[in-house]
K.L.:
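Below you will find the structure I want to go over with you.
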Amino acid sequence: MKDELFVSSYIQQEQHDFSEMGLGHEQGFGAPCLKCKDKCEGFELHFWRKICRNCKCGQEEHDVLTSNEEDRKVGKLFEDTKYTTLIAKLKNDGIPMYKRNVMILTNPVPAKKNISINTVTYEWAPPVQNQILARQYMQMLPKEKQPVAGSEGAQYRKKQLAKQLPAHDQDPSKCHELSPSEVKQMEQFVKKYKNEALGVGDVKLPGEVETKATDKNNVNNGDRGTSAAVGAMEGKSADLKASQYFCYCCKLNMKEGDPAVYAERAGYDKLWHPACFVCCTCSELLVDMIYFWKNGNLYCGRHYCDSEKPRCAGCDELIFSNEYTQAEGQNWHLKHFCCFDCDCVLAGEIYVMVNDKPVCKPCYVKNHAAICQGCHNAIDPEVQRVTYNSFNWHATQECFLCSCCSKCLIGQKFMPVEGMVFCSVECKKKMMS
(Lines give C-alpha, C1' and ligand atoms only; values in the text may rest on other atoms or scores of the structure.)
Protein backbone atom coordinates (compact mmCIF):
# COMPACT_ATOMS: atom_id res chain seq x y z
CA MET A 1 0.00 0.00 0.00
CA LYS A 2 1.19 3.54 -0.79
CA ASP A 3 -0.11 6.95 0.16
CA GLU A 4 -1.53 8.92 -2.73
CA LEU A 5 1.15 11.27 -3.97
CA PHE A 6 0.48 14.26 -6.15
CA VAL A 7 2.69 16.65 -8.07
CA SER A 8 1.14 20.04 -8.55
CA SER A 9 1.52 21.70 -11.92
CA TYR A 10 3.45 24.94 -11.87
CA ILE A 11 1.47 27.98 -12.97
CA GLN A 12 3.04 31.40 -13.22
CA GLN A 13 1.57 33.58 -10.53
CA GLU A 14 0.05 36.96 -11.27
CA GLN A 15 2.04 40.04 -10.36
CA HIS A 16 0.00 42.65 -8.51
CA ASP A 17 0.80 45.77 -6.61
CA PHE A 18 -1.04 44.66 -3.51
CA SER A 19 -2.14 46.98 -0.77
CA GLU A 20 -2.17 45.40 2.66
CA MET A 21 -5.63 44.97 4.07
CA GLY A 22 -6.18 44.09 7.70
CA LEU A 23 -7.93 40.87 8.61
CA GLY A 24 -8.49 41.81 12.24
CA HIS A 25 -5.71 39.63 13.65
CA GLU A 26 -5.99 41.22 17.08
CA GLN A 27 -9.67 40.28 17.35
CA GLY A 28 -10.32 37.47 19.80
CA PHE A 29 -6.63 36.77 20.42
CA GLY A 30 -6.28 34.03 23.03
CA ALA A 31 -9.97 33.05 22.98
CA PRO A 32 -10.55 29.39 23.94
CA CYS A 33 -11.44 26.80 21.32
CA LEU A 34 -14.90 25.37 21.96
CA LYS A 35 -13.94 22.21 20.07
CA CYS A 36 -10.39 21.48 21.25
CA LYS A 37 -10.89 22.85 24.78
CA ASP A 38 -7.55 22.85 26.67
CA LYS A 39 -5.62 21.36 23.73
CA CYS A 40 -5.60 24.79 22.07
CA GLU A 41 -3.38 27.47 23.60
CA GLY A 42 -5.88 30.12 22.56
CA PHE A 43 -7.03 31.68 19.32
CA GLU A 44 -4.36 33.16 17.08
CA LEU A 45 -5.52 33.99 13.57
CA HIS A 46 -3.40 32.65 10.74
CA PHE A 47 -1.94 35.34 8.50
CA TRP A 48 -4.26 34.57 5.57
CA ARG A 49 -6.20 31.42 6.40
CA LYS A 50 -9.41 31.84 8.43
CA ILE A 51 -8.18 29.37 11.06
CA CYS A 52 -6.34 29.31 14.37
CA ARG A 53 -2.58 28.85 14.03
CA ASN A 54 -2.50 26.75 17.19
CA CYS A 55 -5.25 24.17 16.68
CA LYS A 56 -6.18 24.67 12.98
CA CYS A 57 -9.88 24.99 13.86
CA GLY A 58 -11.95 27.69 12.19
CA GLN A 59 -12.77 31.04 13.74
CA GLU A 60 -16.36 29.92 14.31
CA GLU A 61 -15.11 27.14 16.61
CA HIS A 62 -13.62 29.70 19.01
CA ASP A 63 -15.37 31.96 21.46
CA VAL A 64 -14.24 35.00 19.46
CA LEU A 65 -16.91 37.02 17.74
CA THR A 66 -18.94 39.35 19.89
CA SER A 67 -22.53 40.27 19.20
CA ASN A 68 -21.39 43.78 18.21
CA GLU A 69 -19.11 42.39 15.51
CA GLU A 70 -21.87 40.19 14.16
CA ASP A 71 -24.37 43.06 14.25
CA ARG A 72 -21.95 45.22 12.25
CA LYS A 73 -21.50 42.45 9.69
CA VAL A 74 -25.23 41.88 9.19
CA GLY A 75 -25.82 45.63 9.24
CA LYS A 76 -23.39 46.03 6.34
CA LEU A 77 -25.15 43.19 4.51
CA PHE A 78 -28.50 44.99 4.76
CA GLU A 79 -27.05 48.38 3.80
CA ASP A 80 -28.43 49.70 0.49
CA THR A 81 -31.21 47.10 0.43
CA LYS A 82 -34.93 47.16 1.16
CA TYR A 83 -34.11 45.82 4.64
CA THR A 84 -32.68 49.09 5.96
CA THR A 85 -35.49 49.09 8.57
CA LEU A 86 -33.52 46.29 10.24
CA ILE A 87 -30.42 48.46 10.70
CA ALA A 88 -29.46 51.68 12.44
CA LYS A 89 -26.41 53.85 11.78
CA LEU A 90 -24.32 54.90 14.75
CA LYS A 91 -23.96 58.64 15.16
CA ASN A 92 -20.26 58.57 15.95
CA ASP A 93 -19.01 56.60 12.92
CA GLY A 94 -22.02 56.01 10.67
CA ILE A 95 -21.47 52.25 10.65
CA PRO A 96 -24.74 50.37 10.02
CA MET A 97 -25.71 48.10 12.92
CA TYR A 98 -28.15 45.23 12.75
CA LYS A 99 -31.14 45.84 15.01
CA ARG A 100 -31.76 42.32 16.23
CA ASN A 101 -35.16 41.66 17.69
CA VAL A 102 -34.45 40.33 21.19
CA MET A 103 -37.39 38.65 22.91
CA ILE A 104 -37.63 38.40 26.70
CA LEU A 105 -40.33 36.19 28.18
CA THR A 106 -41.25 36.22 31.85
CA ASN A 107 -43.19 33.38 33.42
CA PRO A 108 -44.40 33.33 37.05
CA VAL A 109 -43.16 30.20 38.82
CA PRO A 110 -45.02 29.13 42.00
CA ALA A 111 -42.75 28.63 45.01
CA LYS A 112 -43.47 27.55 48.61
CA LYS A 113 -43.72 31.06 50.06
CA ASN A 114 -44.09 33.37 47.10
CA ILE A 115 -44.05 33.53 43.30
CA SER A 116 -40.71 33.90 41.53
CA ILE A 117 -40.25 35.12 37.97
CA ASN A 118 -38.55 32.89 35.42
CA THR A 119 -37.04 34.96 32.60
CA VAL A 120 -36.05 33.53 29.22
CA THR A 121 -34.13 35.73 26.78
CA TYR A 122 -33.96 34.88 23.10
CA GLU A 123 -30.91 36.52 21.50
CA TRP A 124 -32.88 36.75 18.27
CA ALA A 125 -36.57 36.46 17.44
CA PRO A 126 -38.62 37.12 14.29
CA PRO A 127 -39.26 40.88 13.91
CA VAL A 128 -43.04 40.63 14.21
CA GLN A 129 -45.35 42.74 16.36
CA ASN A 130 -47.32 39.73 17.58
CA GLN A 131 -45.18 38.25 20.36
CA ILE A 132 -47.43 35.18 20.59
CA LEU A 133 -46.64 34.43 16.95
CA ALA A 134 -42.91 34.89 17.61
CA ARG A 135 -43.13 32.56 20.60
CA GLN A 136 -44.95 29.94 18.52
CA TYR A 137 -42.24 30.21 15.88
CA MET A 138 -39.51 29.60 18.48
CA GLN A 139 -41.29 26.57 19.91
CA MET A 140 -41.46 24.99 16.46
CA LEU A 141 -37.66 25.07 16.13
CA PRO A 142 -35.60 22.13 17.45
CA LYS A 143 -34.78 22.73 21.12
CA GLU A 144 -31.03 22.69 20.46
CA LYS A 145 -31.42 25.46 17.87
CA GLN A 146 -33.54 27.90 19.86
CA PRO A 147 -31.26 30.92 20.55
CA VAL A 148 -31.91 31.18 24.27
CA ALA A 149 -29.13 33.23 25.91
CA GLY A 150 -26.41 31.02 27.37
CA SER A 151 -27.73 27.85 25.73
CA GLU A 152 -26.57 25.42 23.09
CA GLY A 153 -29.00 27.10 20.71
CA ALA A 154 -27.39 30.52 21.21
CA GLN A 155 -24.00 29.01 20.44
CA TYR A 156 -25.47 27.32 17.36
CA ARG A 157 -26.81 30.67 16.08
CA LYS A 158 -23.47 32.35 16.67
CA LYS A 159 -21.62 29.62 14.78
CA GLN A 160 -24.05 29.74 11.86
CA LEU A 161 -23.72 33.53 11.61
CA ALA A 162 -19.99 33.04 11.14
CA LYS A 163 -20.36 30.08 8.78
CA GLN A 164 -23.33 31.14 6.64
CA LEU A 165 -22.51 34.85 6.34
CA PRO A 166 -18.71 35.20 6.18
CA ALA A 167 -17.65 38.84 6.38
CA HIS A 168 -15.13 38.16 3.58
CA ASP A 169 -18.01 37.32 1.21
CA GLN A 170 -19.26 40.91 1.27
CA ASP A 171 -16.48 43.19 2.52
CA PRO A 172 -13.24 43.54 0.47
CA SER A 173 -11.47 44.94 3.54
CA LYS A 174 -11.87 41.54 5.22
CA CYS A 175 -10.05 39.81 2.37
CA HIS A 176 -6.35 39.15 1.92
CA GLU A 177 -4.48 41.24 -0.65
CA LEU A 178 -7.12 41.86 -3.30
CA SER A 179 -6.00 43.80 -6.35
CA PRO A 180 -7.95 46.97 -7.28
CA SER A 181 -9.58 45.01 -10.11
CA GLU A 182 -10.66 42.23 -7.74
CA VAL A 183 -12.07 44.76 -5.26
CA LYS A 184 -14.19 46.28 -8.03
CA GLN A 185 -15.43 42.86 -9.17
CA MET A 186 -16.34 41.92 -5.60
CA GLU A 187 -18.26 45.15 -5.05
CA GLN A 188 -20.25 44.52 -8.24
CA PHE A 189 -20.93 40.93 -7.18
CA VAL A 190 -22.19 42.01 -3.75
CA LYS A 191 -24.42 44.69 -5.28
CA LYS A 192 -25.86 42.11 -7.67
CA TYR A 193 -26.77 39.55 -5.01
CA LYS A 194 -28.27 42.23 -2.80
CA ASN A 195 -30.53 43.27 -5.67
CA GLU A 196 -31.38 39.82 -7.00
CA ALA A 197 -31.13 37.18 -4.28
CA LEU A 198 -30.90 38.48 -0.68
CA GLY A 199 -34.01 38.31 1.47
CA VAL A 200 -35.30 37.94 5.02
CA GLY A 201 -38.04 35.49 5.90
CA ASP A 202 -41.44 36.75 7.05
CA VAL A 203 -43.39 34.93 9.77
CA LYS A 204 -47.16 34.96 9.31
CA LEU A 205 -50.23 32.81 9.74
CA PRO A 206 -51.13 31.31 6.32
CA GLY A 207 -54.69 32.65 6.54
CA GLU A 208 -53.44 36.21 6.93
CA VAL A 209 -51.47 36.03 3.71
CA GLU A 210 -54.43 34.49 1.86
CA THR A 211 -56.74 37.23 3.12
CA LYS A 212 -54.31 39.98 2.08
CA ALA A 213 -53.93 38.46 -1.37
CA THR A 214 -57.73 38.22 -1.72
CA ASP A 215 -58.21 41.82 -0.58
CA LYS A 216 -55.68 42.96 -3.17
CA ASN A 217 -57.52 41.05 -5.89
CA ASN A 218 -60.84 42.57 -4.78
CA VAL A 219 -59.41 46.08 -5.10
CA ASN A 220 -58.19 45.26 -8.58
CA ASN A 221 -61.53 43.71 -9.61
CA GLY A 222 -63.75 46.36 -8.03
CA ASP A 223 -66.37 46.05 -5.27
CA ARG A 224 -68.61 43.81 -7.33
CA GLY A 225 -66.17 40.90 -6.90
CA THR A 226 -66.01 41.11 -3.10
CA SER A 227 -69.15 39.18 -2.13
CA ALA A 228 -68.46 36.42 -4.63
CA ALA A 229 -64.86 36.04 -3.45
CA VAL A 230 -65.87 35.99 0.23
CA GLY A 231 -68.61 33.45 -0.48
CA ALA A 232 -66.17 31.20 -2.30
CA MET A 233 -63.67 31.44 0.56
CA GLU A 234 -66.30 30.65 3.18
CA GLY A 235 -67.36 27.60 1.21
CA LYS A 236 -63.82 26.26 1.17
CA SER A 237 -62.73 27.20 4.67
CA ALA A 238 -64.79 24.59 6.47
CA ASP A 239 -63.11 21.76 4.58
CA LEU A 240 -59.62 23.06 3.90
CA LYS A 241 -58.49 25.71 6.38
CA ALA A 242 -54.82 25.10 7.14
CA SER A 243 -54.70 21.81 5.21
CA GLN A 244 -54.72 23.74 1.92
CA TYR A 245 -51.25 25.03 2.83
CA PHE A 246 -48.26 22.72 2.59
CA CYS A 247 -44.56 23.25 3.27
CA TYR A 248 -42.47 23.89 0.15
CA CYS A 249 -39.64 21.85 1.70
CA CYS A 250 -41.15 18.75 3.34
CA LYS A 251 -44.47 18.87 1.39
CA LEU A 252 -46.44 18.15 4.59
CA ASN A 253 -49.58 20.14 5.40
CA MET A 254 -49.44 23.06 7.81
CA LYS A 255 -51.39 22.67 11.03
CA GLU A 256 -54.13 25.18 11.67
CA GLY A 257 -52.91 28.07 13.84
CA ASP A 258 -49.21 27.36 13.26
CA PRO A 259 -47.04 30.17 11.89
CA ALA A 260 -45.30 29.76 8.55
CA VAL A 261 -42.23 31.40 7.05
CA TYR A 262 -42.59 33.19 3.73
CA ALA A 263 -39.81 34.35 1.40
CA GLU A 264 -40.82 37.35 -0.67
CA ARG A 265 -38.41 36.54 -3.50
CA ALA A 266 -39.95 33.07 -3.78
CA GLY A 267 -43.49 34.45 -3.95
CA TYR A 268 -46.23 34.27 -1.34
CA ASP A 269 -47.62 31.09 -2.88
CA LYS A 270 -44.79 29.24 -1.12
CA LEU A 271 -44.35 28.76 2.62
CA TRP A 272 -42.20 26.76 5.01
CA HIS A 273 -42.44 25.25 8.48
CA PRO A 274 -40.07 27.24 10.74
CA ALA A 275 -37.77 24.20 11.09
CA CYS A 276 -37.84 23.60 7.30
CA PHE A 277 -36.57 27.07 6.36
CA VAL A 278 -33.09 25.72 5.62
CA CYS A 279 -30.30 26.01 3.08
CA CYS A 280 -30.71 23.54 0.21
CA THR A 281 -26.98 22.73 0.30
CA CYS A 282 -26.00 22.40 3.97
CA SER A 283 -29.53 21.82 5.36
CA GLU A 284 -28.78 24.15 8.27
CA LEU A 285 -31.47 26.46 9.62
CA LEU A 286 -31.12 29.80 7.83
CA VAL A 287 -29.71 32.02 10.55
CA ASP A 288 -32.05 34.88 11.48
CA MET A 289 -34.13 33.79 8.44
CA ILE A 290 -31.60 35.48 6.11
CA TYR A 291 -31.82 33.69 2.78
CA PHE A 292 -30.65 33.88 -0.83
CA TRP A 293 -33.12 32.73 -3.50
CA LYS A 294 -31.92 31.16 -6.73
CA ASN A 295 -33.56 28.82 -9.26
CA GLY A 296 -36.36 27.78 -6.91
CA ASN A 297 -34.06 27.07 -3.95
CA LEU A 298 -33.17 28.68 -0.64
CA TYR A 299 -29.47 29.13 0.07
CA CYS A 300 -27.48 30.43 2.99
CA GLY A 301 -25.06 33.22 2.07
CA ARG A 302 -22.01 30.95 1.86
CA HIS A 303 -23.56 28.37 -0.43
CA TYR A 304 -25.25 30.93 -2.64
CA CYS A 305 -21.84 32.53 -3.23
CA ASP A 306 -20.33 29.08 -3.84
CA SER A 307 -22.93 28.53 -6.57
CA GLU A 308 -21.82 31.74 -8.27
CA LYS A 309 -18.05 31.91 -7.74
CA PRO A 310 -15.18 29.49 -7.00
CA ARG A 311 -13.98 29.59 -3.39
CA CYS A 312 -10.35 29.20 -2.39
CA ALA A 313 -9.88 26.11 -0.22
CA GLY A 314 -6.88 27.79 1.37
CA CYS A 315 -8.15 31.18 2.52
CA ASP A 316 -11.93 30.49 2.25
CA GLU A 317 -12.41 33.62 0.15
CA LEU A 318 -14.23 33.86 -3.17
CA ILE A 319 -11.93 33.96 -6.18
CA PHE A 320 -12.28 36.99 -8.45
CA SER A 321 -8.99 36.51 -10.29
CA ASN A 322 -9.05 35.05 -13.81
CA GLU A 323 -6.15 32.78 -12.89
CA TYR A 324 -6.46 30.14 -10.20
CA THR A 325 -5.68 26.46 -9.85
CA GLN A 326 -7.81 23.37 -9.30
CA ALA A 327 -6.61 20.36 -7.35
CA GLU A 328 -8.38 17.48 -5.63
CA GLY A 329 -11.78 18.80 -6.68
CA GLN A 330 -11.15 22.15 -4.99
CA ASN A 331 -10.20 25.65 -6.14
CA TRP A 332 -7.21 27.64 -4.94
CA HIS A 333 -5.73 31.09 -5.38
CA LEU A 334 -2.34 30.50 -6.99
CA LYS A 335 -0.54 31.96 -3.99
CA HIS A 336 -2.63 29.93 -1.53
CA PHE A 337 -1.99 26.43 -2.87
CA CYS A 338 0.35 25.76 0.03
CA CYS A 339 1.23 23.08 2.55
CA PHE A 340 -1.37 23.10 5.31
CA ASP A 341 1.34 22.58 7.92
CA CYS A 342 4.21 24.89 6.93
CA ASP A 343 2.64 27.16 4.26
CA CYS A 344 5.35 26.45 1.66
CA VAL A 345 4.09 26.91 -1.92
CA LEU A 346 3.33 23.55 -3.56
CA ALA A 347 3.60 24.59 -7.22
CA GLY A 348 5.64 21.84 -8.92
CA GLU A 349 6.17 20.01 -5.61
CA ILE A 350 5.16 16.57 -4.35
CA TYR A 351 2.37 16.65 -1.79
CA VAL A 352 0.06 14.26 0.04
CA MET A 353 -3.59 14.91 0.92
CA VAL A 354 -4.31 14.64 4.64
CA ASN A 355 -7.95 15.16 5.64
CA ASP A 356 -8.55 16.92 2.29
CA LYS A 357 -5.65 19.31 2.96
CA PRO A 358 -2.42 19.28 0.89
CA VAL A 359 0.74 18.64 2.88
CA CYS A 360 4.29 18.78 1.50
CA LYS A 361 6.35 15.59 1.65
CA PRO A 362 8.73 16.73 4.46
CA CYS A 363 5.79 17.76 6.69
CA TYR A 364 3.95 14.55 5.89
CA VAL A 365 6.92 12.41 6.94
CA LYS A 366 7.43 14.50 10.07
CA ASN A 367 3.82 14.90 11.23
CA HIS A 368 1.51 12.40 9.54
CA ALA A 369 3.40 9.37 8.22
CA ALA A 370 2.58 5.89 9.48
CA ILE A 371 5.19 4.36 11.82
CA CYS A 372 6.67 0.98 10.93
CA GLN A 373 6.11 -1.69 13.59
CA GLY A 374 9.40 -3.29 12.55
CA CYS A 375 11.96 -0.49 12.58
CA HIS A 376 9.81 2.15 14.34
CA ASN A 377 10.67 4.77 11.71
CA ALA A 378 8.27 6.85 9.64
CA ILE A 379 7.21 5.27 6.36
CA ASP A 380 7.97 7.45 3.34
CA PRO A 381 4.82 8.06 1.27
CA GLU A 382 6.63 6.95 -1.90
CA VAL A 383 7.50 3.45 -0.66
CA GLN A 384 5.34 0.34 -0.39
CA ARG A 385 3.96 -0.62 2.98
CA VAL A 386 1.91 -3.39 4.55
CA THR A 387 -1.12 -2.34 6.61
CA TYR A 388 -3.25 -4.44 8.92
CA ASN A 389 -5.89 -2.64 10.99
CA SER A 390 -4.03 0.35 12.44
CA PHE A 391 -0.57 -1.25 12.19
CA ASN A 392 1.94 -0.63 9.41
CA TRP A 393 5.26 -2.08 8.21
CA HIS A 394 7.72 -1.25 5.49
CA ALA A 395 7.12 -3.85 2.77
CA THR A 396 10.74 -5.01 3.02
CA GLN A 397 12.57 -8.14 4.13
CA GLU A 398 14.08 -6.17 7.00
CA CYS A 399 10.78 -4.99 8.52
CA PHE A 400 7.86 -7.28 7.73
CA LEU A 401 9.07 -10.30 9.70
CA CYS A 402 7.67 -12.93 12.02
CA SER A 403 7.86 -11.48 15.52
CA CYS A 404 9.25 -14.80 16.80
CA CYS A 405 11.61 -16.36 14.23
CA SER A 406 12.20 -13.29 12.01
CA LYS A 407 11.08 -15.08 8.85
CA CYS A 408 10.18 -12.66 6.02
CA LEU A 409 6.42 -12.60 5.58
CA ILE A 410 6.12 -10.69 2.29
CA GLY A 411 3.78 -12.69 0.06
CA GLN A 412 3.20 -15.21 2.87
CA LYS A 413 0.28 -16.01 5.16
CA PHE A 414 0.62 -14.56 8.64
CA MET A 415 -1.20 -14.43 11.98
CA PRO A 416 -1.61 -10.93 13.48
CA VAL A 417 -1.77 -10.36 17.23
CA GLU A 418 -2.05 -6.67 18.06
CA GLY A 419 1.18 -5.12 16.74
CA MET A 420 2.90 -8.46 16.16
CA VAL A 421 2.75 -10.91 13.23
CA PHE A 422 3.61 -14.62 13.20
CA CYS A 423 4.37 -17.12 10.48
CA SER A 424 2.79 -20.08 12.30
CA VAL A 425 0.77 -21.22 15.29
CA GLU A 426 3.94 -22.59 16.79
CA CYS A 427 5.72 -19.22 16.68
CA LYS A 428 2.65 -17.55 18.11
CA LYS A 429 2.46 -20.00 21.04
CA LYS A 430 6.18 -19.77 21.66
CA MET A 431 6.09 -15.95 21.74
CA MET A 432 2.93 -15.69 23.79
CA SER A 433 4.10 -18.15 26.39
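FYI, side chains are in, hydrogens and waters are out, and symmetry mates aren't considered; it's all heavy atoms of this structure. One is the number of the first residue; the rest follow in order along the sequence.
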K.L.:
How close do W393 and G374 get, counting heavy atoms only, and between which atoms?
P.N.:
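Looking at all heavy atoms of both residues, the closest pair is CD1-N, 3.7 Å.
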
K.L.:
Could you check if a side-chain atom of T121 sits within less than 4.5 angstrom of a side-chain atom of T119, using non-hydrogen atoms only?
P.N.:
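In contact.
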
K.L.:
Quick one: are F337 and H333 in side-chain contact, heavy atoms under 4.5 Å?
P.N.:
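SC-SC contact between F337 and H333 ruled out.
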
K.L.:
K357 and D341: salt bridge (charged side-chain N to carboxylate O under 4.0 Å, His left out), yes or no, with the steps?
P.N.:
CA-CA 9 Å; K357 306 293 184 184; D341 286 6; over 6 Å; no

K.L.:
Does some side-chain heavy atom of V128 sit less than 4.5 Å from a side-chain heavy atom of K204?
P.N.:
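They are not in contact (no side-chain heavy atoms under 4.5 Å apart), so the answer is no.
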
K.L.:
Does this structure show an ion pair linking E60 with K163, if we count only N-O contacts that are shorter than 4.0 Å?
P.N.:
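Yes, charged N to carboxylate O under 4.0 Å.
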
K.L.:
Does M138 offer a backbone N or O that forms a donor-acceptor pair with the side chain of Q146 under 3.5 Å?
P.N.:
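Answer holds: yes.
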
K.L.:
Under the side-chain contact (heavy atoms from CB on, under 4.5 Å) criterion, do M432 and M420 qualify, and how do the steps go?
P.N.:
CA-CA 11 Å; M432 301 306 286; M420 298 182 290; 4.1 Å; yes

K.L.:
E123 vs K158, test: salt bridge (charged side-chain N to carboxylate O under 4.0 Å, His left out). Steps then yes/no.
P.N.:
CA-CA 10 Å; E123 294 186 351; K158 181 179 174 182; over 6 Å; no

K.L.:
Determine the minimum heavy-atom distance between A149 and A154, stating which atoms define it.
P.N.:
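It is CA-CB, 4.3 Å.
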
K.L.:
Would E284 and Y156 satisfy side-chain hydrogen bond (donor to acceptor under 3.5 Å, both in side chains), going step by step from the backbone distance to the final call?
P.N.:
CA-CA 10 Å; E284 294 291 354; Y156 171 79; 2.6 Å; yes

K.L.:
Can you check whether V278 reaches L298 side chain to side chain, under 4.5 Å on heavy atoms?
P.N.:
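Contact flag for V278/L298 side chains = no.
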
K.L.:
Quick one: pull up CD in Q155 and CD in Q160 and give me the separation to the nearest 0.5 Å.
P.N.:
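Reported to 0.5 Å precision, the distance equals 11.0 Å.
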
K.L.:
Under the side-chain contact (heavy atoms from CB on, under 4.5 Å) rule, what do L252 and F246 come out as? Steps first, then yes or no, please.
P.N.:
CA-CA 5 Å; L252 297 178; F246 64 90; over 6 Å; no

K.L.:
Please report the shortest heavy-atom distance between A378 and V365, naming the atom on each side.
P.N.:
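The pair with the smallest heavy-atom distance is CB-O, 3.8 Å.
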
K.L.:
Are K50 and P166 packed together at the side-chain level, in the sense that at least one heavy-atom pair is separated by less than 4.5 angstrom?
P.N.:
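Sidechains of P166 and K50: no contact.
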
K.L.:
Can K145 and E152 be said to form a salt bridge (charged side-chain N to carboxylate O under 4.0 Å, His left out), step by step?
P.N.:
CA-CA 7 Å; K145 295 181 180 179; E152 178 186 0; over 6 Å; no

K.L.:
Looking at D38, I want to see if its CG is surrounded by more than 12 non-hydrogen atoms of other residues, nucleotides or ligands under 6.0 Å.
P.N.:
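Open.
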
K.L.:
Looking only at atom types and distance, does a side-chain atom of N130 sit under 3.5 Å from a main-chain N or O of I132, one as donor and one as acceptor?
P.N.:
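Pair found, side chain donor or acceptor close to backbone of I132.
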
K.L.:
Under 3.5 Å, is there a donor-acceptor pair between the side chain of R53 and the main chain of L45?
P.N.:
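No, R53 side chain to L45 backbone: no donor-acceptor pair under 3.5 Å.
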
K.L.:
Could you go through D380 and H394, starting from their C-alpha distance and side-chain angles, then the distance that decides it, and tell me whether this counts as side-chain hydrogen bond (donor to acceptor under 3.5 Å, both in side chains)?
P.N.:
CA-CA 9 Å; D380 190 288; H394 285 104; over 6 Å; no

K.L.:
Please answer whether the main-chain N or O of G257 pairs with a side-chain N or O of Q136 as donor and acceptor at a distance below 3.5 Å.
P.N.:
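Answer holds: yes.
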
K.L.:
Is a salt bridge present between K99 and D71, judged by a nitrogen-to-oxygen distance below 4.0 Å?
P.N.:
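No.
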
K.L.:
Evaluate salt bridge (charged side-chain N to carboxylate O under 4.0 Å, His left out) for E69 paired with R72, printing each intermediate quantity in order.
P.N.:
CA-CA 5 Å; E69 287 299 321; R72 285 193 186 95; 3.1 Å; yes

K.L.:
Compute the centroid of each ring, for Y324 and then for H336, and state whether the two points are separated by less than 6.0 Å.
P.N.:
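When the ring centroids of Y324 and H336 are compared, they turn out to be at least 6.0 Å apart.
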
K.L.:
Output, in order, the C-alpha distance, side-chain angles, deciding distance and verdict of side-chain contact (heavy atoms from CB on, under 4.5 Å) for C282 and H303.
P.N.:
CA-CA 8 Å; C282 63; H303 291 114; 3.4 Å; yes

K.L.:
Going by atom type alone, with no hydrogens or angles, which donor-acceptor pairs under 3.5 Å involve a side-chain atom of residues 395-416 and a protein atom two or more places apart or on another chain?
P.N.:
residue: T396; atom: OG1; partner: C399; partner atom: N; Å: 3.3
residue: S403; atom: OG; partner: V421; partner atom: N; Å: 3.1
residue: S403; atom: OG; partner: V421; partner atom: O; Å: 3.2

K.L.:
For the atom pair OH (Y291) and CH2 (W272), what is the distance rounded to the nearest 0.5 Å?
P.N.:
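Output value for this atom pair is 7.5 Å.
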
K.L.:
Does K270 NZ have over 12 foreign heavy atoms under 6.0 Å away?
P.N.:
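More than 12 heavy atoms, drawn from other residues, nucleotides or ligands, come within 6.0 Å of this atom.
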
K.L.:
Is the shortest distance from a Lys or Arg side-chain nitrogen in R100 or E70 to a carboxylate oxygen in the other one below 4.0 Å?
P.N.:
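Looking at E70 together with R100, the answer is no, because their closest N to O distance does not fall below 4.0 Å.
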
K.L.:
Roughly how far, to the nearest 0.5 Å, is the CG atom of L346 from the SG atom of C339?
P.N.:
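One finds 6.0 Å between SG of C339 and CG of L346.
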
K.L.:
What's the shortest heavy-atom distance between S151 and V148, and which atoms?
P.N.:
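Answer, listing the atom of S151 first, then V148: OG-O, 2.5 Å.
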
K.L.:
Name the orientation class of the two ring planes belonging to W48 and H46 (parallel below 30°, tilted from 30 to 60°, perpendicular beyond 60°).
P.N.:
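W48 and H46: perpendicular rings.
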
K.L.:
If you measure from CG on L286 to CD on Q164, what distance do you get to the nearest 0.5 Å?
P.N.:
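Going from the CG atom of L286 to the CD atom of Q164 covers 5.5 Å.
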
K.L.:
Nearest 0.5 Å, please: how far is SG in C300 from CG in L161?
P.N.:
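If I round to the nearest 0.5 Å, the distance is 11.5 Å.
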
K.L.:
With heavy-atom distances below 4.5 Å as the criterion, would you say the side chains of V354 and Y364 are in contact?
P.N.:
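Yes; the side chains approach each other to less than 4.5 Å.
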
K.L.:
Atom CD of Q59 and atom CD1 of I51: how far apart are they, to the nearest 0.5 Å?
P.N.:
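So the CD of Q59 and the CD1 of I51 are separated by 10.0 Å.
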
K.L.:
Do any N or O atoms from the side chain of R311 and from the backbone of D316 form a donor-acceptor pair under 3.5 angstrom?
P.N.:
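Yes, because the side chain of R311 sits within donor-acceptor range (under 3.5 Å) of the backbone of D316.
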
K.L.:
Is a side-chain donor or acceptor of N54 paired with a backbone partner of G42 at a separation under 3.5 angstrom?
P.N.:
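The answer is yes, because a donor-acceptor pair under 3.5 Å joins these two groups.
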
K.L.:
Quick one, Y299 with D306, criterion side-chain hydrogen bond (donor to acceptor under 3.5 Å, both in side chains). Give me CA distance, side-chain angles, the key distance, then yes/no.
P.N.:
CA-CA 10 Å; Y299 289 86; D306 286 351; over 6 Å; no

K.L.:
Compile the donor-acceptor pairs under 3.5 Å between side chains in residues 183-203 and protein atoms, sequence neighbours left out, one pair per line.
P.N.:
residue: Q185; atom: NE2; partner: S181; partner atom: OG; Å: 3.4
residue: Q185; atom: NE2; partner: F320; partner atom: O; Å: 3.3
residue: K192; atom: NZ; partner: E196; partner atom: OE1; Å: 3.1
residue: Y193; atom: OH; partner: D169; partner atom: O; Å: 3.3
residue: K194; atom: NZ; partner: K76; partner atom: O; Å: 3.0
residue: K194; atom: NZ; partner: L77; partner atom: O; Å: 3.4
residue: K194; atom: NZ; partner: E79; partner atom: O; Å: 2.9
residue: N195; atom: ND2; partner: K191; partner atom: O; Å: 3.2

K.L.:
Can you check whether P259 reaches M140 side chain to side chain, under 4.5 Å on heavy atoms?
P.N.:
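P259 vs M140: side chains touch.
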
K.L.:
Does E61 use its side chain to pair, donor to acceptor, with the backbone of G58 at less than 3.5 Å?
P.N.:
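Here the side-chain-to-backbone pair does not exist.
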
K.L.:
Determine whether N392 and V386 satisfy the following criterion, side-chain contact (heavy atoms from CB on, under 4.5 Å), listing intermediate values before the conclusion.
P.N.:
CA-CA 6 Å; N392 300 272; V386 178; over 6 Å; no

K.L.:
Which pair of heavy atoms, one from H168 and one from C175, lies closest together, and at what distance?
P.N.:
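That closest heavy-atom pairing would be O-SG, 3.4 Å.
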
K.L.:
Would a 4.5 Å heavy-atom cut-off, applied to side chains only, mark K428 and C423 as touching?
P.N.:
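Counting from C-beta outward, K428 and C423 never come under 4.5 Å.
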
K.L.:
Please step through ring-ring contact (aromatic ring centres under 6.0 Å, His included) for the pair F292 and Y304, ending with a clear verdict.
P.N.:
CA-CA 6 Å; F292 291 74; Y304 170 81; 5.3 Å; yes

K.L.:
If you take all heavy atoms of P274 and V261, which pair is closest and at what distance?
P.N.:
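Closest pair (atom of P274, atom of V261, distance): CA-CG2, 3.9 Å.
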
